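See below for the structure under consideration.
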Amino acid sequence: MRIGELSGQALHERMSSDGISMAIPPVTVRVRSPLRFLAEQIRSLYGEYEIVDTRGFADADLRLLPARGVRRRLRPQVEFIVDGVMPFERVPLDHALPMFEWGLNWVFCNRMHHYLLLHAAVVERDNRAVLLPAWPGSGKSTLAASLSCRGWRFLSDEFGVVSIDDAKVHPFARPAALKNESIAVMRAFDAGAFIGPVFPKTRKGDVAHFRVPAESVRRAREPAPIGAIVFPDFQAGAAVEVLPLGRSTAFLKLAGNSFNYEIVGERGFRTVASIIERCESYVLRYGDLPAAHAALDEIVRAAVPA
Amino acid sequence: MSEDGRERSPSDSTRWCVPPGQHFAFADFDDGIVVFDARVGSTHLVNATAAEALSIVDGTPGIATVGIHRTLLERLALDERALAFETVVDLMWQLENLGLVARVA
């Protein structure tokens with residue numbers, strides 16, 4: 001059963017009691033919250049995700065609870081609790097969804113060390129995944145979201161989840177967090193794209209979430225071989241440029257974009273080396289999405305067949 | 001002298017080893033060699049001479065700087081004009097500063 005098959009009321013009731021366990025491959029997440037509006041938001045963004053047995057194992061047990069005490073009425077806030085621990089400060093109550101997304105990022109980043117975790121968006125076409133590694137502000141989420149509106153498979157906007165055994169990249173397909181100007185850019189780029197409510201003045205500015213296309217959710221258990229590494233570099237007004245990178249430079253840039261390279265140790269080193277050996281790396285400088293798409297189409301066409 | 005009191009320049013008789021528990025992994029690309037320091041989990045981009053020097057020290061614990069220089073000349077097929085002894089002295093000091101090699105007491 002998919003989350004979207006539950007009515008809003010039914011989802012709210014389940015989240016308010018035992019919780020709902022959803023498969024967001026490669027993890028299962030149990031979510032509990034009495035917040036009706038959060039249930040609605042999760043339903044609209046995660047409607048295509050499978051519900052799994054709540055009594056079974058979940059990689060993370062998350063609760064989003066309204067803060068208690070006198071501030072409950074004066075300044076309502078929400079607490080993010082994972083496996084009984086509250087790792088973050090409370091945030092305004094109406095920021096529960098961004099808190100859920102950030103919290104889940106944090107949990108994933110701190111627990112999934114059987115993968116090499118790259119800070120990267122990932123898209124795929126013709127069985128060739130393209131890693132888009134970058135730190136915040138480079139436009140990787142917008143780029144990945146927009147590509148998924150043009151026939152590419154969306155694997156992630158935040159995590160390159162790389163198997164240490166075979167260096168394939170696994171989807172962790174969750175809503176893409178669009179920030180500030182990117183929200184309007186995506187709305188203008190594709191009027192049919194579903195973008196959730198705008199959360200103003202979060203700690204990362206204005207944030208809204210792009211819903212992962214249904215086909216990408218359906219294929220969320222399919223890893224893909226990596227065909228190219230492209231470091232996006234958005235610069236307003238810039239003409240598109242594709243700059244090839246030497247392999248050792250690309251190695252250091254890719255390893256430097258990993259969340260857990262030092263933790264994974266030598267296996268991480270060998271995994272990065274394996275990725276770098278088998279595909280080309282580029283810096284993609286761009287100022288608009290259509291030009292970036294054309295460059296990426298060309299790159300993936302030239303990539304070594306998987 | 002360096003900040004920790006070591007001689008800035010090792011002499012030709014300084015002998016070298018890799019620190020206890022040290023282990024290297026290498027990835028050799030067209031434009032450089034990447035070496036992984038398994039003891040601390042750090043990664044360095046090095047040139048062929050440095051990678052070869054690490055390999056020599058790893059394979060011959062206690063080798064002196066002069067011996068490293070001689071072996072490098074053989075393995076890399078160079079003469080002393082292309083790779084001066086002073087260059088190797090400086091290289092060993094840099095590798096020591098990165099914690100990749102240590103002096104034998």
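The structure displayed is predicted, hence computed values, not measured ones. Here is the naming used below: chain letters follow the sequence lines, and residue numbers restart at 1 for every chain.
Contact annotation: the side chain of A:Val272 never approaches that of B:Val34 to less than 4.5 Å [non-hydrogen atoms, C-beta and beyond]. With a 4.5 Å cut-off on side-chain heavy atoms, A:Leu143 and A:His293 count as touching. Within the 4.5 Å cutoff, no side-chain heavy atoms of B:Leu95 are placed close to those of B:Trp16. By the 4.5 Å heavy-atom criterion applied to side chains, A:Ile229 and A:Cys279 are counted as neighbours.
Taking CG of B:Leu98 as the start and CG of B:Asp37 as the end, the distance is 9.0 Å to the nearest 0.5 Å. The line from CG of A:Leu284 to NZ of A:Lys140 is 14.5 Å long, rounded to the nearest 0.5 Å. The CZ atom of A:Arg125 sits 5.0 Å away from atom CG of A:Asp297, with the distance rounded to the nearest 0.5 Å. Annotation: the span from A:Tyr261 atom OH to A:Glu266 atom CD amounts to 9.5 Å, rounded to 0.5 Å. Separation of atoms CZ (B:Phe85) and CD1 (B:Ile68) is listed at 9.0 Å; rounding is to 0.5 Å. Here the straight-line distance linking atom CG of A:Leu104 with atom SG of A:Cys109 works out to 11.0 Å at 0.5 Å rounding.
Judged by distance alone, the side chains of B:Gln94 and B:Asp90 do bring a donor and an acceptor atom under 3.5 Å apart. In this structure, a donor-acceptor pair under 3.5 Å is absent between the side chains of A:Thr271 and A:Arg267.
Contact annotation for residues 21-33 of chain B against chain A (heavy-atom separation below 4.5 Å, listed by residue number): B:His23, B:Ala25, B:Phe26, B:Ala27, B:Phe29, B:Asp31, B:Gly32. Using a 4.5 Å heavy-atom cut-off against chain B, no residue of residues 233-242 of chain A qualifies as contacting. Within residues 154-164 of chain A, no residue has any heavy atom closer than 4.5 Å to a heavy atom of chain B. For a heavy-atom cut-off of 4.5 Å, chain B lies close to A:Gly246, A:Arg247, A:Ser248, A:Thr249, A:Phe251, A:Leu252 in residues 245-255 of chain A.
A salt bridge does not link A:Arg128 with A:Asp126: none of the charged nitrogens is closer than 4.0 Å to a carboxylate oxygen.
Heavy atoms of B:Val35 lying under 4.5 Å from chain A belong exclusively to its backbone.
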Determine whether A:Ser274 and A:Arg278 satisfy the following criterion, side-chain hydrogen bond (donor to acceptor under 3.5 Å, both in side chains), listing intermediate values before the conclusion.
CA-CA 6 Å; A:Ser274 166; A:Arg278 69 177 68 174; 2.8 Å; yes
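A donor-acceptor contact shorter than 3.5 Å links the side chain of A:Arg174 to the backbone of A:Glu101.
Heavy-atom neighbours of B:Glu74 CD from other residues, nucleotides or ligands within 6.0 Å: above the threshold of 12.
Between A:Phe80 and A:Trp102, the gap from one ring centroid to the other reaches at least 6.0 Å.
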